[in-house]
Chemist: 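Encoded as structure tokens, here's the structure I'll be asking about.
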2 protein chains.
Amino acid sequence: MLTNQAVSSVNHLLTILPDVDRERLIAISEPVELSFAEVLYSAGDAIPHVYFPTGAFISLLTPVSADTGLEVGLVGREGVLGVTLMLGIAIAPFQARVQGAGAALRINTALFLHELDQSLALRQVLKRYLYVSMRQLAQSATCNRFHLVAARLARWLLMTHDRSDTDTFHVTHVFLAYILGVRRVGITKAAHSLQQQKLISYRRGDITILDRTGLKALACTCYQIDLETYRSNLG
Amino acid sequence: MLTNQAVSSVNHLLTILPDVDRERLIAISEPVELSFAEVLYSAGDAIPHVYFPTGAFISLLTPVSADTGLEVGLVGREGVLGVTLMLGIAIAPFQARVQGAGAALRINTALFLHELDQSLALRQVLKRYLYVSMRQLAQSATCNRFHLVAARLARWLLMTHDRSDTDTFHVTHVFLAYILGVRRVGITKAAHSLQQQKLISYRRGDITILDRTGLKALACTCYQIDLETYRSNLG
DNA sequence: TACAGTCTGTTCGCTAACGTACAGACATCC
DNA sequence: GGATGTCTGTACGTTAGCGAACAGACTGTA
């Protein structure tokens, strides 16, 4: 229990809950370690658990074909996976794939729904998170439409870095291509360019952030807009 | 009141409410006529009213710059404008612009929130609608990323036709370009092609649907996917 | 009837991204 | 130590869409 409380302080949604509500939620949760590339569920599946990441982060993906897809959301310690349960629908709208291995608090769906019933504060926080998610979804839609691969890549690296404990994380060009919905070659070129500018370095799937400020300058404004949306609703 | 009941039967969300709940909602609503191009509110504005369109339909837009933007949603008699009030946030996430003139039931925000408190059935229906909206938002994101202008145009025409009383509606190439986030010339070419295939005809801002089946064949699958998402949750 | 405004058609060169294919570098496992 | 698989680099021609500019057609008002 003490360890649970320790890690819970790292999920921002939990930290902004009143103590009573947070402790009740933690009491029904179990700490788990999520491993890289683990698929927690696919679009259309029942949602068996809700996850509050504390160290891990999770990609929300819409598969298009076998080797094409698109990331429509990213959930780390600023958020929660399975928030659509709030809407009374236990069917996952997207595939959830662990993109950064690490810890999370896991809660059984039935227990979570029961707790949701009890806790007004929890409902309020998750409603706000859902609102933020919607706005960020719309932001992604415009980003996909208007911005160049290099800018979108820089944005994704920043978003991921924000949710990561370390400056290095594992992701190959192939998977980045899937996430951004472009060719692998497009990623290789963009990444190469970022590396030459000393903003990142990478080697066989391990990317290291060298210069956040430089990345921000190169990323599209969507990054800052998303941050501001989050801050003004859940800050 | 009798007229209100008559028109309300044309908004699908209202029709699937239990009689009691629907009548209470109608009692606090007022019928209004929305006129073409009217901006009901902009992103960041307070939401003064909720609208259940019965004949009108409304574009949800994210402005990017003065003459660029992107449609992220379309609300007609299958839906409701202002559903994010469900989430306890009275700030509009998008601009709402009347795209098809016509009737709607308008409800004052405070009255609506009070009624939401009273009616479990209303909450359930709107939760489902919110879930559908999220999935459709994500679908738009992938559509923007992968599909060609002609296919996206065909999809938009079908979606609009579904929400319209007539086969002809008013929209210029300039505005279609704004909606789809492309150049005006891109629309002119795509529309020209659809016209040559006798799927539509148009003249100075008035577009007429001639062949729905042909349009469906040309539109991307996003159209069918959206329909199926709606049907399986609110059908 | 002339004029101003709006809407559509067409043209120009340009570029980001596409699909495909192959080569080299590195890692792992027998 | 050789073989196999994975990851990154590079090259090819192709294309959808871009920005900008201008012409013609229609509409409503003076």
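To find a chain, count down the sequence lines: A is the first, B the second, and so on, and within it residues start at 1.
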Chemist: Below 4.0 angstrom from OP1 or OP2 of C/dG9, is there any side-chain N or O of B/Tyr202?
Modeler: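 Result: yes.
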Chemist: Mind calculating the distance between CG (B/Leu148) and C1' (C/dC18) to the nearest angstrom?
Modeler: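 Result: 11 Å.
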Chemist: Ignoring hydrogens and angles, answer whether the base of C/dT8 and the side-chain atoms of B/Arg204 contain a donor-acceptor pair closer than 3.5 Å.
Modeler: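 Side chain to base: no pair below 3.5 Å.
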Chemist: Do B/Leu130 and A/Met134 have side chains that approach each other closer than 4.5 Å (heavy atoms only, starting at C-beta)?
Modeler: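 Contact flag for B/Leu130/A/Met134 side chains = yes.
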Chemist: Does A/Leu105 reach the side chain of A/Leu14, with side-chain heavy atoms less than 4.5 Å apart?
Modeler: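 Side chain of A/Leu105 against side chain of A/Leu14, heavy atoms only: contact under 4.5 Å found.
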Chemist: Do A/Arg97's NZ or CZ and the ring of A/Phe36 fall within the cation-pi criteria of under 6.0 Å and 45°?
Modeler: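 Positive - A/Arg97 is close enough to the ring of A/Phe36 and near enough to its axis.
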Chemist: Provide, to the nearest angstrom, the distance between the CD1 atom belonging to A/Ile200 and the C1' atom belonging to D/dT8.
Modeler: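 Atom-to-atom, A/Ile200 to D/dT8, this comes out as 13 Å.
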Chemist: From the options D/dG9, C/dG9, C/dG19, select the nucleotide whose nearest atom is closest to the side chain of A/Arg183.
Modeler: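 Shortest atom-to-atom distance from the side chain points to C/dG19.
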Chemist: Between A/Val149 and B/His170, just flag the one whose closest nucleotide in DNA chain C comes earlier from the 5' side.
Modeler: B/His170
Chemist: D/dG17 P sits how many Å from B/Phe146 CZ, rounded?
Modeler: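 Computing the B/Phe146:CZ to D/dG17:P distance gives 14 Å.
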Chemist: Please determine which of B/Gln139, B/Arg135, B/Arg155 meets the side chain to side chain donor-acceptor pair (under 3.5 Å) test together with B/Asp226.
Modeler: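 Of all the options given, the one that passes is B/Arg155.
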Chemist: When all nucleic acid strands are considered with a 4.0 Å heavy-atom cut-off, which category describes A/Gly186: base, sugar-phosphate, or nothing?
Modeler: nothing
Chemist: Starting at atom CZ of A/Arg203, determine the distance to atom P of C/dA25, rounded to an integer number of angstrom.
Modeler: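 Distance, rounded to whole Å: 13 Å.
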Chemist: Tell me whether the side-chain N/O atoms of B/His192 come closer than 4.0 Å to OP1 or OP2 in C/dG9.
Modeler: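 It does, given that an N or O in the side chain of B/His192 lies less than 4.0 Å from OP1 or OP2 of C/dG9.
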Chemist: Should B/Val98 and B/Phe57 count as side-chain neighbours, where that means a heavy-atom distance under 4.5 Å?
Modeler: no
Chemist: Please evaluate the base of D/dG9 for a donor-acceptor partner in the side chain of A/Arg184 within a cut-off of under 3.5 Å?
Modeler: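 For A/Arg184, whose side chain was compared with the base of D/dG9, there is a donor-acceptor pair (under 3.5 Å).
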Chemist: Measure the distance from CZ on A/Arg152 to P on C/dA16 and round it to the nearest whole Å.
Modeler: 15 Å
Chemist: Return the value, rounded to whole Å, for the distance between atom CD1 of A/Ile207 and atom P of D/dT8.
Modeler: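 Value for this atom pair: 8 Å.
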Chemist: Quick one: label A/Val182 by what it contacts on the DNA or RNA (base, sugar-phosphate, nothing), any heavy atom closer than 4.0 Å.
Modeler: sugar-phosphate
Chemist: In terms of the nearest nucleotide of DNA chain C, which residue is placed more toward the 5' end: A/Ala150 or A/Val185?
Modeler: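 Its nearest nucleotide lies further toward 5', so the answer is A/Ala150.
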Chemist: Measure from NZ on B/Lys189 to C1' on D/dT15 and round the result to the nearest Å.
Modeler: 12 Å
Chemist: Taking atom C1' of D/dA16 as reference, at what distance in whole Å does atom CG of B/Leu180 sit?
Modeler: 15 Å
